[in-house]
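Everything on this sheet refers to the single structure shown next.
Just so you know, these numbers use all the heavy atoms, side chains as well, and skip hydrogens, waters and symmetry mates.
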Amino acid sequence: MDEPDSNRTSLIRGAKDLAKEAKRHTVKKVNKAVDRASDEYAQRSYHRFQDEQDEDEDFYNRSNYVTQQPANDEEGSSDATEGHDDEDEIYEGEYQGIPSDGHQRDGQVAIGQPVPDRLKDRRELENERQADEEELAQQYELIIQECGHGRFQWQLFLTLGMALMSDGVEVFVVGFVLPSAETDMCVPDSRSGWLGSIVYLGMMVGAFFWGGMADKVGRRQCLLICMSLNGFFAFLSSFVQGYGLFLFCRMVAGFGIGGAVPIVFSYFAETLAREKRGEHLSWLCMFWMIGEIYASAMAWAIIPHYGWSFSMGSAYQFHRWRVFVVVCALPCVCSVVALTFMPESPRFYLEVGKHDEAWMILKQIHDTNMRARGQPEKVFTVNRIKIPKQLDELVEMESESASVFSKIIFRVKAELYGIWLNLLKCFNYPVKDNTVKLAIVWFTLSFGYYGLSVWFPDVIKHLQAYEYASKVKVHTNERIEDFTFNFTLENQIHTNGMFINDRFMNMKLKSVAFVDSTFRDCHFEDVTSVGSFFKNCTFIHSFFYNTDIDDSKLIGTEVINSTFIHNKTGCQVTFEDDYSAYWVYFVNFLGTLAVLPGNIVSALLMDKTGRLSMLGFSMILSGISCFFLWFGTSEAMMIGMLCLYNGLSISAWNSLDVVTVELYPTDRRCI
């Protein structure tokens, strides 16, 4: 009997040792799973490990049941059995992974629970956000279709159209006021190109800055700020007198209007369904053409014809070209007023995680369109919209004890750095190739179109000046004594002349040159000269009162015992004498009207022929027409080629705007 009892006791102990060893292996597996804290273990159920524990306990119980002794007090008095029971309790607690304080350890996740974002790397979070954005894009398209296309889109269309119209006006203001402003402010030829360049420099920087800010703080808010900035400095530029200050105002105005194009098209595209996007963005481009027509018509009506002007002595003069600058700021003011009544883009709100604000705006769009259709009872059925995962960014904070100026500088640097990082994302896969190709197309198209816009008025002026110079009258070896000149001298050259005791009273010298001539005992009073000069002349005992004859017009001239009193300062511009202004503005007006047919055709065919087909076909034809400008020898031929180029290139502009908007995600669309 003792030998069977001994065998039973050994069997019991062996079974317990097997159970203990199985539990140890299970604990090792669990600890490895917890340390990894990966998604594959987060998806598994805790019951798998519980089942293993139950199987171990069943095996242990069955062993006890099979080998149970009749005398229970013998098992209870076993030291080995007590030791195994204590160790089993210890391993049970370790297996469950429950710390003594009831909280999870740092870097560990409870089995069966999702892994928190703080334990995931950046790439994994970005992949999750990209998946959320793809799902949101599909859902948002369905929501916009449910909201319909109606009154709200047309209200936003007119509001954003005024902003785009301001951009078109700003571009053409430069070309129209360039000759007049440079003449009025006595700008030498060496600095004459700065006005045309500085505005485009401001627009380039403004497009980068406001486009980036619109992706961070919102489309509507940035558009309001940049349009207000443009309107204020455009209005201010009409009153400043110095050329340097005028350049600064126009540069800041260009910096403001630079944000119009990237924000306007992104803003409007985010309220349109896919099947209507190409057509209605093309119709929106028409406002840029309307801005051109407005600027051309105002320049044609005001600068050569408008008779009112204001002056305070000779130091402050407000000529009619300044009135034109004020009038051109009106579309910008109208767009600012209208924008105050429009909401933010709901797509932007969803992108930054503002679900409730986006839902309210989408409901507003739906209700506005339904009321306009006579269906006010129709209910907005969307309850929940997908929100992309919001990624936390590390932001360096400025010290509280820093000055206000240093805080502002720090904030500006931080915002610029954020914009720069967002721009670099445009050169990452999968949009890198699109960015490079679009940049080339934007550059070439802008170079041709804007270059011609600024250059063409000077071409017309040059052609007319050449024809005007061919009609010059030349007077040689003339001698005039005791004569009064009280009429206008125009387009004349006087060589080796002798003027003795002559009076030049209340007269104008327009494109008159005196070369190697002598003026003795002459009297000049209230004389205004435009494009006139005295070269290698001699003035003896002459008197000048209230004239604009100064050192800039006395080239190599000797002045002997002569007196200058109350000379006019600044350049005296008279538009009655500007022989080319009327024709230049009228020609630009015709060139702008030529855009209308191309704009209508592109709007109707955009969704039918495709964006890229229309873009390539339009650029090829416009390039061919631009090439023939080289052979233009007359004004009529140049005007015809300009109208043809404008009409063909507008389709490329419309296609490029639509393609650029559609190729980028919401968080990089404006930049």
[X] side chain to [Y] backbone, donor-acceptor under 3.5 Å:
{"X": "Thr340", "Y": "Val337", "value": "yes"}
{"X": "Ser335", "Y": "Met162", "value": "no"}
{"X": "Asn654", "Y": "Ser602", "value": "no"}
{"X": "Asn230", "Y": "Phe255", "value": "no"}
{"X": "Glu344", "Y": "Arg219", "value": "yes"}
{"X": "Thr660", "Y": "Asp657", "value": "no"}
{"X": "Ser238", "Y": "Phe235", "value": "yes"}
{"X": "Trp154", "Y": "His149", "value": "no"}
{"X": "Asn491", "Y": "Ser511", "value": "no"}

query: Between Arg669 and Glu270, is the closest basic N to carboxylate O distance under 4.0 Å?
result: yes
Pair Lys473 + Glu490, salt bridge at N-O below 4.0 Å: no
- line: Here the side chain to side chain donor-acceptor pair (under 3.5 Å) pairs for residues 256-267, sequence neighbours left out, are none
Side-chain heavy-atom pair Asp607, Glu275 within 4.5 angstrom cut-off: no
message: Between Met289 and Leu596, is there a side-chain heavy-atom distance shorter than 4.5 Å?
response: yes
query: Checking Arg347 against Tyr140: charged group under 6.0 Å from the ring centre and within 45 degrees of the axis?
result: yes
With no hydrogens and no angle check, just 3.5 Å: does a side-chain donor-acceptor pair link [X] and [Y]?
{"X": "Thr528", "Y": "Asp548", "answer": "no"}
{"X": "Glu292", "Y": "Asn646", "answer": "no"}
{"X": "Tyr200", "Y": "Ser446", "answer": "no"}

message: One pair to check against side-chain hydrogen bond (donor to acceptor under 3.5 Å, both in side chains): Lys508 and Ser529. What are the steps and the verdict?
response: CA-CA 6 Å; Lys508 297 178 181 178; Ser529 59; over 6 Å; no
field: Ser237 and Arg250: CA distance, side-chain angles, deciding distance, side-chain hydrogen bond (donor to acceptor under 3.5 Å, both in side chains) verdict
entry: CA-CA 7 Å; Ser237 67; Arg250 297 313 303 184; 2.9 Å; yes
- prompt: Heavy-atom count around Phe248 CZ within 6.0 Å, excluding the residue itself: above 12?
  reply: no
